[in-house]
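One structure below.
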Number of protein chains: 2
Amino acid sequence: MKKERELYRDFLKSKNLKFTKPRLIIMETVFENHEHFNVDNLYELIKKKHKNVSRATIYRTVPLLVESGLIKQSLRCESKDIYEHTYGHENHLHFVCDNCGKIIESGFSDVAILIDLLAKNENFEIKEYNLGASGLCKDCQKKKDN
Amino acid sequence: MKKERELYRDFLKSKNLKFTKPRLIIMETVFENHEHFNVDNLYELIKKKHKNVSRATIYRTVPLLVESGLIKQSLRCESKDIYEHTYGHENHLHFVCDNCGKIIESGFSDVAILIDLLAKNENFEIKEYNLGASGLCKDCQKKKDN
DNA sequence: TAAGTAGTTGAGATTCATTCTCATTAAAGT
DNA sequence: ACTTTAATGAGAATGAATCTCAACTACTTA
């Protein structure tokens, strides 16, 4: 968290942006709490801590966190953008259950090698992988079998 | 196209849905024209053909085409859902250029094998792959180099 | 550490994709 | 044709994300 905070501050400075209280609160809440989140989650979490930050500010700050490389936009659920930590987290892919919405993460070192090859063929320079599949998780397969 | 039409009609029948003129026009336009499209594109294309179908009906029909397996939702661009044909098209992955928005397709037979393995480990039953990466296409790399 | 300056915030208005409502219309079976 | 039941069009409604602008605050310099 200390590391994240420093990276964030450096990033802001490099862009001539200010290290403000709302920006700090948002960043701390993002890293205190969980893996996947959306702006709504975040807003509620911050409110619970009796800190007040407006939704607008969260919407303005999340893209900064993305640009700084600390988080990334990973999926969309219920028509909302979902974000996740990237700093200190291995690349992984998502299996998303169509039935219950569960998100299962799985490593993908070998997959990345193959994708890199394909990208090379196209002279495409990858910034970010976006890998996953949708279907049915273990539990929901059982439910559907009835 | 004949095949698509039949599959579509069978699908509708199996669901006790009617094979109506708007549904036919939408389906034909989808398959006459292009790979990736959004509801707006589709609406404009249909209007150009002097056929009239309301946006609401397109929004209602696209999910039917998805459910029937003829198309799938593949990406989001400019805050809009993007769809693509699936019937008669190999699985592929998308390289999306962050700079110019170009979508490059590339086959992924080997990647799929790996992903299938990972899914098996999690007892996850894959319905649809969702594979790609974002970054810079060949042309935009050059532009940025200046 | 006071003052200046330039970016930031909150609140609410706004936008825009998508969904919903409901009166009217059209398929499909008999 | 007749009847039933779903589908359509038009516009209203929803809701996530963005924008506006007056009030505020972080950083810089003296």
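Throughout, a chain's letter reflects where its sequence line sits, starting with A, and its residues are numbered from 1.
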What's the closest nucleotide to the [X] side chain, out of [options]?
X        : options                   : value
Asp81(A) : dA17(D), dG11(D), dA28(C) : dA17(D)
Leu17(A) : dA17(C), dC27(D), dG7(C)  : dG7(C)
Thr20(B) : dA27(C), dA17(C), dA11(C) : dA27(C)

[X] has an atom [atom1]; how far is it from atom [atom2] of [N], in whole Å?
X        : N       : atom1 : atom2 : result
Lys80(B) : dA17(D) : NZ    : P     : 16 Å
Phe19(B) : dA6(D)  : CZ    : C1'   : 16 Å
Phe37(A) : dA16(D) : CZ    : P     : 16 Å
Tyr59(A) : dG12(C) : OH    : C1'   : 15 Å
Lys47(B) : dA10(D) : NZ    : P     : 11 Å
Ile58(B) : dG9(D)  : CD1   : P     : 9 Å
Tyr8(A)  : dA26(D) : OH    : C1'   : 14 Å
Asn52(A) : dT25(D) : CG    : P     : 14 Å

Donor-acceptor pair (no angle test) under 3.5 Å: Lys21(A) side chain, dT25(D) base: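 Flag unset: no donor-acceptor pair detected.
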Donor/acceptor link under 3.5 angstrom from Arg60(A) side chain onto base of dT20(D):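 Side chain to base: pair present.
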4.5 Å side-chain heavy-atom contact, Phe95(B) and Ile115(A):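 Yes - at least one pair of side-chain heavy atoms lies under 4.5 Å apart.
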How would you label the contact of [X] with the nucleic acid (heavy atoms, under 4.0 Å): base, sugar-phosphate, or nothing?
X        : result
Asp40(A) : nothing
Val53(B) : sugar-phosphate
Asn38(A) : nothing
Lys18(A) : base

Exceeds 12 heavy-atom contacts within 6.0 angstrom, atom NZ of Lys138(A):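 For Lys138(A), atom NZ is not crowded (no more than 12 foreign heavy atoms under 6.0 Å).
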Distance test, side-chain N/O of Arg23(A) to OP1/OP2 of dT9(C), below 4.0 Å: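 Checking Arg23(A) against dT9(C): at least one side-chain N or O falls below 4.0 Å of OP1 or OP2.
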Contact under 4.0 Å: Thr57(A) side-chain N or O vs dG10(C) OP1/OP2: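 It does, given that an N or O in the side chain of Thr57(A) lies less than 4.0 Å from OP1 or OP2 of dG10(C).
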Pair His89(A), Glu105(A): side-chain N/O donor-acceptor within cut-off below 3.5 Å: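 His89(A) vs Glu105(A): no donor-acceptor pair found between side chains.
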Single-linkage hydrophobic cluster, 4.5 Å side-chain cutoff, Ile126(A) and Ile103(B) together: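 Different clusters.
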Hydrophobic cluster identity match, Tyr87(B) and Phe19(B), side-chain contacts under 4.5 Å: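 In one cluster: yes.
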First encountered from the 5' end of DNA chain C, between Ser79(B) and Lys13(B):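 This one resolves to Ser79(B).
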